[in-house]
> 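Let me begin by handing over the structure; questions about it come next.
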Amino acid sequence: LSLLPLLCLNLVGGSADLSGSNNTKTKNSKVISAKDFNGNYIHYGIREHGMAAAMNGLALYGGIIPYGGTFLIFSDYCKPSIRLSALMGLKVIYIFSHDSIGLGEDGPTHQPIEQLAGLRAIPNLNVFRPADINETLECWQIALKSKKTPSAIVLSRQKLPYVNPSLTKDNKCELGAYVVNATSQNNKITLIASGSEVEIALEAQKKLKESNIDSKVVSMPCQELFDQQNNQFKNDIIQKDIPVITVEAGSVISWEKYSKNNMGINSFGESGPYKEVYKHFDLTSDKIVALAKKLVR
Amino acid sequence: MLSNKNLNDLDKLISAEKNKYFNEKPAKATRECSSMTIESITPSLSELSWWIS
């Protein structure tokens with residue numbers, strides 16, 4: 001973000017007292033203050049609702065693309081204004097970091113569970129959960145090009161591997177989902193994940209292959225865009241003739257439309273090193289493998 | 001509203017960045033990726049101030 005605001009004077013960033021954690025403020029951000037309105041970054045304070053409402057106002061004024069950040073857990077405090085962004089069809093970009101139990105030691109008060117499902121339930125809001133730098137580039141591209149749909153870009157605190165399998169000019173996230181890796185043309189099971197859980201699904205795929213079970217791993221960074229695709233594409237991604245397991249570190253509610261076999265978290269989180277917390281909630285490659293073996297038998 | 005020219009420029013720049021990272025394959029938190037995304041495309045995108053017409 002450090003250079004963009006200098007050149008794109010219409011991009012106004014900000015955060016609700018979490019600039020350093022959301023990575024929204026950079027060395028080139030110039031803070032707007034009560035005494036100096038010449039700038040491109042707003043310290044909104046601990047006022048998530050006020051931030052979201054102000055971003056709606058900036059977008060309605062025209063000529064400005066506002067983006068603002070907070071932790072995903074605090075999206076609840078933004079919710080009335082996010083809903084209005086969607087209702088009014090405004091190009092507002094919400095940056096929600098610390099998107100799961102993967103934030104670790106801050107514990108259940110800060111670990112989102114039902115937030116993704118709640119955001120996905122808002123009409124005309126694209127909720128993106130990218131898995132790596134390639135997907136993040138593409139999700140930002142879609143958000144910037146969007147005309148009448150606000151975006152929530154949901155981001156991890158923890159480091160994630162690069163998972164993009166191939167170089168294409170096409171924006172893979174534009175279709176909502178794509179195949180990251182398939183071990184055969186004759187797969188026995190499909191594993192669908194988003195964000196940080198794509199890594200775990202790929203680990204499970206390797207283990208399944210060692211047991212001679214071919215599988216397909218799908219990354220689904222945006223359910224809303226996937227749901228808008230034609231049936232042929234959707235059926236290619238989610239084949240009806242083989243079992244499907246979905247994996248996301250949060251409420252499974254928004255995944256139930258794709259499968260009956262959903263691995264997620266339907267209780268509050270726990271404080272601890274994130275890998276241990278994932279293990280506690282059975283979100284591991286071994287647990288995916290165990291379920292997959294049960295389903296393909 | 002973005003102009004068609006600027007949309008094409010944005011698409012080209014995103015494509016170039018995807019090429020770069022495909023070779024580097026960086027492991028990063030996606031909150032860092034978000035910051036890197038815009039930071040990396042900006043120096044080449046001199047028309048950014050014209051994005052909005």
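First the proteins, then the strands, lettered A, B, ... as listed; each starts at 1. Note that the structure is a prediction, hence the values are computed from the model and not measured.
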> Going through the checks in order, is the side chain to side chain contact (heavy atoms under 4.5 Å, CB included) test met by A:Leu137 and B:Tyr21?
CA-CA 10 Å; A:Leu137 277 160; B:Tyr21 291 123; 3.8 Å; yes
> Salt bridge or not between B:Lys25 and A:Asp132? Use side-chain N to carboxylate O under 4.0 Å.
no
> Quick one: what part of A:Asp99 sits under 4.5 Å from any heavy atom of chain B, side chain, backbone, both or neither?
neither
> For the pair A:Gln141 and B:Asp11, evaluate side chain to side chain contact (heavy atoms under 4.5 Å, CB included) and give the outcome as yes or no after the intermediate values.
CA-CA 8 Å; A:Gln141 184 181 23; B:Asp11 292 343; 2.6 Å; yes
> Where is the tightest heavy-atom contact between A:Pro161 and B:Ala27, given as atom of each residue plus distance?
CA-CB, 4.0 Å
> Measure the spacing between OH of A:Tyr162 and CG of B:Asn23 and express it to the nearest 0.5 Å.
8.5 Å
> Tell me every residue that passes salt bridge (charged side-chain N to carboxylate O under 4.0 Å, His left out) with A:Glu48, counting only those two or more places apart in sequence or in another chain.
none
> Run the numbers on B:Ser34 and A:Ile95 for side chain to side chain contact (heavy atoms under 4.5 Å, CB included), then give the verdict.
CA-CA 9 Å; B:Ser34 174; A:Ile95 304 296; 4.3 Å; yes
> Within the 4.5 Å heavy-atom criterion, are B:Glu32 and A:Lys159 side-chain neighbours or not?
no
> How about CG on A:Leu167, more than 12 heavy atoms from neighbouring residues, nucleotides or ligands closer than 6.0 Å, or not?
yes
> Does B:Lys12 offer a backbone N or O that forms a donor-acceptor pair with the side chain of A:Lys169 under 3.5 Å?
no
> Within the side chain of A:Arg157, is there an N or O that forms a donor-acceptor pair under 3.5 Å with the backbone of B:Ala29?
no
> Is it the case that the side chain of A:Ser156 and the backbone of B:Thr30 share a donor-acceptor pair, with hydrogens and angles ignored and the cut-off at 3.5 Å?
yes
> In terms of heavy-atom proximity below 4.5 Å to chain A, should B:Lys28 be classed as side chain, backbone, both, or neither?
backbone
> Pick whichever of A:Ser196, A:Ser21, A:Gly195, A:Cys139 has the most heavy-atom pairs under 4.5 Å with chain B.
A:Ser21
> In the structure I gave you, are the side-chain heavy atoms of A:Asn134 and B:Phe22 within less than 4.5 Å of one another anywhere?
no
> With rounding to the nearest 0.5 angstrom, report the CD1 to SG distance, A:Ile133 to B:Cys33.
4.0 Å
> Within the 4.5 Å heavy-atom criterion, are A:Asn22 and B:Arg31 side-chain neighbours or not?
no
